[in-house]
Amino acid sequence: MTDFPPIITGGSDLSEFLSANKSAVDAALADAGALLFRGFDVPDPLAFDAAINGYGEMVFTYEDSLSNAVRTNVTSRVFTANEAPPTTEIFLHHEMAQTPLYPSKLFFYCEIAPGEGGATPVCRSDWVLDRLKAETPSFYADCREHGLRYTNVMPGSDDAGSGQGRSWRSTLSVESREQAESRLAELGYDWEWLDGDVLRATTPVLPAIREIGDGRETFFNQLIAAYRGWSDSRNDPNRAITLGNGEPISADAMADVIAIADELTADIAWQAGDVALIDNFTVMHGRRPFAGKRRVLASLIS
Ligand code: FE2
């Protein structure tokens, strides 16, 4: 996998490049699932914002999303990727696949390269699914038949110390419990209020597998991230995810999924000025732990 993701090198203005080569870029993205633009002139977040503008697609805003990550906006369409502490690994996932609202593509921009660690692992989810189908057919059949339900326990105000720390007020864009309940009902969630202004919310059944055309399927979900990583003072990974029929996911099946995905993962080792474009339906991403400074910004496409 040394050629994944492919690197597109240039020395020019990335905004102009993306605007002039939009259809070629999209064809390359459809083929590879992820692209890394290196050596372009992207000195700061404003240049990154301009590059997204040059690409010219609709932006998916953090405010509108049901993402559980605490983030900070840098421009109206650019935000910090996740405020979780450096030592916290963020495991492979498709962005917001644990909610009914998700972006189709993601841009990442490295403003400050990490001192140590801090790569962004990427993994072709269609390749993972092909392997699962062949090697764990009964788990594949369960995923296909039942889908998944995710449970998240959200604090009343943002907890930046957790990768899952976004408050229920911010997540649901509401101010009161009453508004939260009507939003949850609209989205088909089940919920329960816990002590300390904490909300436990469970999604409706969401597909575990997505068809992406030409008979291809991807493992479009947050199973790995939820199972390995949704752990904080409020969240227990063993309760975070079940099959759509309420059955737990077997630890053996998860061990297989994790081993296959790890085997197929490549790391984007960031250099300052790099920009990555990721097809959120085809490729999972995560974040390796790091030491020292690191600033990677993100933007989402509807
Ligand atoms: Fe993410």
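If you read the sequence from its start, that first residue is 1, and numbering goes on from there. Start at 1 and go down the list; that is how both ligands and their atoms are numbered.
Side-chain heavy atoms closer than 4.5 Å link hydrophobic residues (I, L, V, M, F, W, Y) into clusters, and following such links, even through other members, never connects Leu187 to Val153. Put simply, Ile209 and Met254 are part of the same group of oily side chains (I, L, V, M, F, W, Y) that touch within less than 4.5 Å, one to the next.
Screening residues 236-271 for ring pair (Phe, Tyr, Trp, His ring centres under 6.0 Å) gives no qualifying pairs among residues at least two apart or on separate chains.
Electrostatic pairing of Glu211 and Arg216 does not count as a salt bridge here, judged by no charged N lying under 4.0 Å from a carboxylate O.
With Phe281 as the aromatic partner, Arg210 meets the cation-pi criteria of under 6.0 angstrom to the ring centre and within 45 degrees of the ring axis.
The minimum heavy-atom distance linking Ala32 with Val283 is given by the pair O-CG2, 4.4 Å.
Only protein N, O or S atoms were considered, and those under 2.8 Å from the Fe ion (ligand 1) are His93 NE2, Glu95 OE1, His285 NE2.
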